[in-house]
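Worksheet: the structure to be examined is printed underneath.
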Amino acid sequence: MPSVRAFLALSLATFALVSCQVPTSQPYQQQPGYGGPFMLGVDVLASRGFDLIRGKRVGLITNHTSLTSRGERTRSVFQRGLGPNLVALYAPEHGIDGNIGAGKHVSTRRDPVTGLIVYSLYGPTRKPTPAMLAPIDVLVFDLQDIGCRSYTYISTMIVAMEAAAECGKQFVVLDRPNPLGGWRVEGPPLEAKWKSFVGQIPVPYVHGMTAGELAMMACSRGWISRVPRLDVVKMQGWNRGMTWQDTGLRWHPTSPNIPHSISPFFYVTTGILGGATSVDIGIGTEEPFGYAGGAGVNANALLAYCQRLNTPGVSFSAYSRNGFGGVRIHMNPRNTTDLTALDVLLLAEINRLSGGKVVGRMSGSKLNLFNKVYGSESLYHDLRRGIPATSIIARWQGWTQSFRSQRQRFLLYP
């Protein structure tokens, strides 16, 4: 199946040959060699005595993933370094402790660690209100993202940047690694009609950028209605060829269904599939998003299909459980497979093996969310019409190549 092979094989070497241009706005500059070979944004800021925000009243968007490279909570480091000038905390989806399920509202509460109020950014509002920002001068963002457009932490950053601008507050991003690495760019664009909290900015499904890079690009490209004074505190020692496994950092589950450092790769591979009906992607197992199956699907038939795809670094084994049949996915983090394309291929084949039930039975709020995650209603309509998955995938290849060029001047790391 050569046409499938063509867009499933990523050429990392080709990406690496694209020259990196100087960003239009300069990030916060750390002193080279300061504090060791690898430093997160929070490490760099602390090593400089918090000079960027010292003397200002600070609000921190934070959760359980907001840790220094040594594993200390960012909010504890801030409170020790800033004292009473750390005024307020703000928590995204899943809450400050990361244990609240996907899509469930987070309540405003008091943080037992710092004693500060933790304002919810995933409850009655997802954008900080003027009242929430009134006590502060600068809003700092420090969350570990997973590198996929539909994950909501970047959406939280974008709407918070807009709120900061509207209220005249400085905005600071403490940069962190993209666990998928910095070269992987995959998937369809986001149509303006389907902008939502699972897709706030028009980037590919997998963008290959850090939070700081996305913040700079969003400001420059007009993706937010008002632009704040933005400072990005770069990491030291990270490069685009590094996945999480290369950082030496301990992985802390970013949410209940992203338990392992390999989980972001699985999330990309089955996240779109998981929005369909009568499917199984392993939620509730030891490897959420690590399964691809459908009700009544012949597991061996799906396995045979997957084995014909030629997916470098990704392999499959058949499974059957609870009336579902499909494949377990096994993955090397250095795989060179287009995982978003694989997601669509799996969806299309499981739909075929189910007699069209996986897509045909979607409606209402489920279909609406499916379209928001994909960024368009085209996938649903194409599959209903029997358009081959290979044709669907081929349609976005030119756009992702264009995005790679557009993002170049915002890349902060080699």
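What you are looking at is a predicted structure, and each value in this text was computed from that prediction instead of being measured.
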### Task
Please determine, by modelled atom types, if Thr243 and Gln245 share a side-chain donor-acceptor pair under 3.5 angstrom.
yes
#### Entry: Asp137 and Arg57 ion-paired at < 4.0 Å
yes
### Query
Does Arg48 pair with Asp43 as a salt bridge, N-O distance under 4.0 Å?
no
#### Entry: Any donor-acceptor N or O pair under 3.5 Å, side chains Asn63, Tyr153
yes
### Query
Would Asn332 and Phe265 count as a side chain to side chain contact (heavy atoms under 4.5 Å, CB included) if you check the C-alpha gap in whole Å, the side-chain angles of each, and the deciding distance to 0.1 Å?
CA-CA 9 Å; Asn332 184 319; Phe265 292 89; over 6 Å; no
### Tyr205-Asp343 side chain donor-acceptor pair, cut-off 3.5 Å
no
### Arg384-Asn351 side chain donor-acceptor pair, cut-off 3.5 Å
no
### Message
According to side-chain contact (heavy atoms from CB on, under 4.5 Å), who are the partners of Thr129, at least two apart in sequence or on a separate chain?
### Response
Thr125, Ala131, Met132
### Query
So does Arg321 pair up with Asp280, basic N to acidic O under 4.0 Å?
yes
### Message
Please determine whether salt bridge (Lys or Arg N to Asp or Glu O under 4.0 Å) holds for the pair Asp142 and Arg73, giving the CA-CA distance in whole Å, both sets of side-chain angles, and the decisive distance to 0.1 Å.
### Response
CA-CA 11 Å; Asp142 186 36; Arg73 294 184 183 96; over 6 Å; no
### Query
Just wondering, are more than 12 heavy atoms of other shown residues or ligands nearer than 6.0 Å to CZ in Arg75?
yes
### Query
Honestly, is Arg328 close enough over Tyr319, meaning NZ or CZ under 6.0 Å from the six-membered ring centre and within 45° of the axis?
no
### Query
Is it true that the side chains of Tyr122 and Thr156 contain a donor and an acceptor less than 3.5 Å apart?
no
### Message
For Ser120 and His105, which I'm curious about, is there any donor-acceptor pair between the side chains at under 3.5 Å?
### Response
no
#### Entry: side-chain hydrogen bond (donor to acceptor under 3.5 Å, both in side chains) evaluation trace for Ser220 with Arg409
CA-CA 10 Å; Ser220 179; Arg409 66 192 182 100; 3.2 Å; yes
#### Entry: Sidechain N-carboxylate O distance under 4.0 Å for Arg54, Asp51
no
### Any residue meeting side chain to side chain donor-acceptor pair (under 3.5 Å) with Ser315, in chain and number order, not counting sequence neighbours
none
### Message
Testing the 3.5 Å rule here: is there a donor-acceptor pair between the side chains of Asn178 and Thr210?
### Response
no
### Message
Check this for me, if you would: do Arg240 and Glu213 make a salt bridge, where the nitrogen-to-carboxylate-oxygen distance has to be below 4.0 angstrom?
### Response
yes
### Query
Any salt bridge between Lys104 and Glu93, counting N to O under 4.0 Å?
no
### Message
Regarding Glu72 and Arg80, does a basic nitrogen lie under 4.0 Å from an acidic carboxylate oxygen?
### Response
yes
### Query
Got a sec, which residues hit salt bridge (charged side-chain N to carboxylate O under 4.0 Å, His left out) with Glu162, two or more places apart in sequence or on another chain?
Lys127
### Task
Report yes or no: do Glu186 and Thr340 form a side-chain donor-acceptor pair below 3.5 Å?
yes
### Task
For the pair Asp145 and Arg176, find out whether any cationic side-chain nitrogen is under 4.0 Å from an anionic carboxylate oxygen.
no
### Task
Indicate whether the side chain of Ser376 and that of Glu191 have a donor and an acceptor atom separated by less than 3.5 Å.
yes
### Query
With a 3.5 Å cut-off and no angle check, do the side chains of Ser402 and Gln406 form a donor-acceptor pair?
yes
#### Entry: Validation row, ring centre Phe370 to ring centre Tyr380 under 6.0 Å
no
